[in-house]
> 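Here it is, the structure, as structure tokens.
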Amino acid sequence: MARADVAVIGGGLAGLSCGIALAERGASVFVAAKGMAATHWTHGGLDIAAPPGTRNAREGLARLAADGSHPLARLGLTLPAALDEHLARLADAGLPYAGHLDAAFVQVPTAIGTLRAASVLPAAQAPLLEPWRGMGLLLVGIRRFRDAWPGLAAQNLRGRPWPGGPQRIEAREVELAGLEDLHNLNALTLARQFDDPAWRHAALRSIAAAIPPGGWRVGLPAVLGLADHRAAFAEATVALGGPPFEMVSVPPSVPGLRLYEALRRGLLAAGGRLQWGFPVVEVERDGDRIIAVHTEGASRT
């Protein structure tokens with residue numbers, strides 16, 4: 001039977017981060033995850049605390065921590081240092097983020113043309129944290145990719161109050177060669193296409209040709225590579241005349257998968273173990289002490 005100092009139940013952002021932090025401090029750690037966690041479904045940013053009326057995440061954190069019934073009443077004081085450690089860990093893993101607790105909330109667009117408050121985003125979404133300074137917003141879709149709706153998003157955003165937002169909002173759809181025979185053109189499939197340097201080079205040239213004259217900040221579907229994301233984003237920045245930003249749509253979330261993979265590698269590098277795909281079905285206790293955790297198995301737990 002496998003033994004550990006700590007068993008962490010859940011392999012999402014919280015579970016993997018907890019496991020890494022404990023393993024880095026010398027504990028033997030076992031993480032059990034029954035399946036895909038929220039990282040695979042959400043936008044990949046770090047939403048700390050944004051209750052209405054707060055200017056930044058630190059203010060939001062203080063307000064929620066002041067409510068004795070909220071979990072942040074216990075965790076709030078430790079969160080700033082934990083966030084700094086987390087962001088440094090991700091940067092070391094090749095997945096840098098921008099923003100911090102004291103950064104003012106910025107309204108960022110969603111794939112359906114709504115706005116949400118954000119202050120800590122992965123580098124491929126971080127251009128949205130910068131002031132618009134009279135620039136326009138150009139949303140680019142990929143023909144036959146059904147999980148991005150640039151025309152709908154642009155239409156909805158034009159009719160929505162956006163103080164300090166872009167001067168104008170437009171949408172374009174581009175045809176990318178080499179996708180004709182792909183029957184299931186989802187975000188993960190496209191991300192793997194962008195991992196191919198030759199295909200990526202041609203695709204970015206097609207996207208660049210669709211950008212009209214004028215100052216534009218370009219929004220793309222969140223598909224700029226999975227295994228080779230850093231190179232894909234760097235090449236897109238050069239090809240499009242400045243950094244684009246990724247707009248996350250329906251699952252699977254490619255930015256979330258990048259985050260999960262960086263944390264998974266971090267856990268293993270720190271000496272932790274991960275068992276994925278086997279739900280916890282029973283816990284044995286000796287008073288207040290947990291002495292065994294049972295997971296599903298083929299013939300026995």
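We number each residue from 1, following the sequence as shown. Below, each value reflects all heavy atoms present in this structure, side chains not excepted, and no hydrogens, waters or symmetry copies.
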> Quick check: closest heavy atoms across Leu259 and Gly44, and the distance to 0.1 Å?
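Between these two residues, the closest heavy atoms are CD2-O, 4.2 Å.
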> Check for a donor-acceptor pair, side chain of Thr39 on one end and backbone N or O of Gly12 on the other, with a separation under 3.5 Å.
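Not confirmed, Thr39 side chain does not pair with Gly12 backbone.
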> Just wondering, do Val280 and Lys34 contact through their side chains at under 4.5 Å, heavy atoms?
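Lys34 vs Val280: side chains apart.
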> Step through the shown structure and confirm whether more than 12 heavy atoms of other residues, nucleotides or ligands are within 6.0 Å of CZ on Arg143.
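Atom CZ in Arg143 is crowded, with more than 12 foreign heavy atoms closer than 6.0 Å.
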> Identify every side-chain donor-acceptor pair in residues 146-154 under 3.5 Å, counting partners at least two apart or on other chains, and give the distances.
{"from": "Trp149", "atom 1": "NE1", "to": "Arg146", "atom 2": "O", "distance (Å)": "3.0"}

> For Met135, is there any backbone N or O sitting under 3.5 Å from a side-chain donor or acceptor partner on Arg217?
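Looks like no, no N/O pair under 3.5 Å.
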> For the residue pair Thr237 and Pro244, establish whether any side-chain heavy-atom pair is separated by less than 4.5 Å.
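With C-beta onward as the side chain, the pair touches.
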> Enumerate the residue pairs fulfilling ring-ring contact (aromatic ring centres under 6.0 Å, His included) with a member in residues 209-266, sequence neighbours excluded, ordered by first and then second residue.
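Passing the test, one end in residues 209-266: His40-Tyr260.
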> Could you state the interatomic distance from CG (Asn56) to CD (Glu59), rounded to the nearest 0.5 Å?
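Result: 4.5 Å between the selected atoms.
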> Under the criterion side-chain contact (heavy atoms from CB on, under 4.5 Å), I'd like the reasoning laid out for Glu173 against Arg144: C-alpha separation, chi angles, the key distance, then a yes or no.
CA-CA 10 Å; Glu173 189 174 69; Arg144 295 182 59 246; over 6 Å; no
> What are the two closest heavy atoms between Val31 and Gly10, and how far apart are they?
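Residues Val31 and Gly10, closest heavy atoms: CG1-O, 3.6 Å.
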> Any side-chain to backbone donor/acceptor pair from Asp5 onto Ala27? Under 3.5 Å, distance only.
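No: the side chain of Asp5 does not pair with the backbone of Ala27.
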> Just by distance, do the side chain of Glu246 and the backbone of Leu224 share a donor-acceptor pair under 3.5 Å?
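At least one qualifying donor-acceptor pair exists.
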> Quick one: OG1 on Thr295 to CD1 on Ile9, what's the gap to the nearest 0.5 Å?
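Those atoms lie 9.0 Å apart.
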> Taking atom CZ as the centre, does Arg55 end up with more than 12 heavy-atom neighbours from other residues, nucleotides or ligands that are less than 6.0 angstrom away?
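At most 12 heavy atoms, drawn from other residues, nucleotides or ligands, come within 6.0 Å of this atom.
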> Kindly work out whether a path of hydrophobic side-chain contacts (I/L/V/M/F/W/Y, heavy atoms less than 4.5 Å apart) joins Ile20 to Leu274.
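Looking at the clustering, Leu274 is in the same group as Ile20.
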> Under 3.5 Å, side-chain donor or acceptor atoms of residues 177-186 against the rest of the protein: list the pairs with distances, not counting sequence neighbours.
{"from": "Glu180", "atom 1": "OE1", "to": "Gly178", "atom 2": "N", "distance (Å)": "3.2"}
{"from": "Glu180", "atom 1": "OE2", "to": "Gly178", "atom 2": "N", "distance (Å)": "3.4"}
{"from": "Asn186", "atom 1": "OD1", "to": "Leu188", "atom 2": "N", "distance (Å)": "3.1"}
{"from": "Asn186", "atom 1": "OD1", "to": "Thr189", "atom 2": "N", "distance (Å)": "2.8"}
{"from": "Asn186", "atom 1": "OD1", "to": "Thr189", "atom 2": "OG1", "distance (Å)": "2.9"}

> Scan residues 65-106 for pairs that pass ring-ring contact (aromatic ring centres under 6.0 Å, His included), counting only residues two or more places apart or in two chains.
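ring-ring contact (aromatic ring centres under 6.0 Å, His included) check on residues 65-106 returns no pairs.
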> Go through it in stages, so that I can follow the logic: the residues are Leu61 and Thr54, the test is side-chain contact (heavy atoms from CB on, under 4.5 Å), and I'd like the CA-CA distance, side-chain angles, deciding distance and then a yes or no.
CA-CA 9 Å; Leu61 183 62; Thr54 54; over 6 Å; no
> Consider only side-chain heavy atoms of I, L, V, M, F, W and Y, link residues closer than 4.5 Å, and tell whether Val140 and Leu204 are in one cluster.
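Val140 clusters together with Leu204.
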> Salt-bridged, Glu261 to Arg258, with N to O below 4.0 Å?
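Salt bridge flag = no for Arg258 with Glu261.
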> Measure the CD1-CG distance between Ile142 and Leu190 for me, rounded to the nearest 0.5 Å.
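Answer rounded to 0.5 Å: 5.0 Å.
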> Without placing hydrogens or testing angles, list every side-chain donor-acceptor pair under 3.5 Å for residues 122-133, not counting sequence neighbours.
{"from": "Gln125", "atom 1": "NE2", "to": "His43", "atom 2": "O", "distance (Å)": "2.9"}

> Applying a strict under-4.5 Å side-chain criterion to I, L, V, M, F, W and Y, I'd like to know whether Val293 and Val281 cluster together.
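As far as the 4.5 Å side-chain criterion goes, Val281 and Val293 are not connected within one cluster.
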> Pairs in or reaching into residues 61-73: which pass salt bridge (charged side-chain N to carboxylate O under 4.0 Å, His left out), with residues at least two apart or in two chains?
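Every pair satisfying salt bridge (charged side-chain N to carboxylate O under 4.0 Å, His left out) with a residue in residues 61-73: there are none.
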> Minimum heavy-atom separation for Arg172 and Pro212, please, with both atom names.
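That closest heavy-atom pairing would be NH2-CG, 3.7 Å.
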> How far does CG of Asp228 sit from CZ of Arg192, to the nearest 0.5 angstrom?
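It is 14.0 Å, given to the nearest 0.5 Å.
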> Which heavy atom of Gly94 sits nearest a heavy atom of Arg230, and at what distance?
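Looking at all heavy atoms of both residues, the shortest contact is CA-NH2, 3.1 Å.
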> Using 0.5 Å steps for rounding, measure from the CD atom of Gln193 to the CZ atom of Arg200.
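Separation between the atoms: 11.5 Å.
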> State, with a plain yes or no, whether a side-chain heavy atom of Ser28 is found less than 4.5 Å away from one of Arg3.
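Contact flag for Ser28/Arg3 side chains = no.
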> Do Leu157 and Val218 sit in the same hydrophobic cluster, where Ile, Leu, Val, Met, Phe, Trp and Tyr count as joined when their side-chain heavy atoms come under 4.5 Å apart?
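No; tracing contacts between hydrophobic side chains, which count when under 4.5 Å, never links both residues.
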> Assess whether side-chain contact (heavy atoms from CB on, under 4.5 Å) is satisfied between Trp162 and Leu137, documenting all intermediate values.
CA-CA 12 Å; Trp162 191 350; Leu137 168 60; 3.9 Å; yes
> Hey, what do you get for CG (Leu87) to CG (Leu95), rounding to the nearest 0.5 Å?
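One gets 10.0 Å once the value is rounded to the nearest 0.5 Å.
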> Under the 3.5 angstrom rule, does the side chain of Ser17 hit a backbone N or O of Leu13 as a donor-acceptor pair?
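Yes, the answer is positive, given that a donor and an acceptor are paired below the 3.5 Å cut-off.
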> Say whether, by atom type as modelled, one donor and one acceptor occur between the side chain of Ser253 and the main chain of Thr42 under 3.5 angstrom.
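It does hold such a pair.
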> Can you give me the closest heavy-atom contact between Leu138 and Ala171, atom names plus distance?
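Closest pair (atom of Leu138, atom of Ala171, distance): CD1-N, 4.1 Å.
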> Test Pro255 against every option in Leu121, Val223, Val248 by the side-chain contact (heavy atoms from CB on, under 4.5 Å) rule and name the one that passes.
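Exactly one pass, corresponding to Val248.
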> Quick one: do Leu139 and Leu240 end up in the same hydrophobic cluster if we chain Ile, Leu, Val, Met, Phe, Trp and Tyr together by side-chain heavy atoms under 4.5 Å apart?
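No, Leu139 does not connect to Leu240 through the hydrophobic network.
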> Identify the two heavy atoms, one from Ser119 and one from Ala104, that lie closest to each other, and give their separation to 0.1 Å.
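Minimum heavy-atom contact is CB-O, 4.3 Å.
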> Do the side chain of Arg160 and the main chain of Gly113 share a donor and acceptor less than 3.5 angstrom apart?
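Between the backbone of Gly113 and the side chain of Arg160 there is a qualifying donor-acceptor contact (under 3.5 Å).
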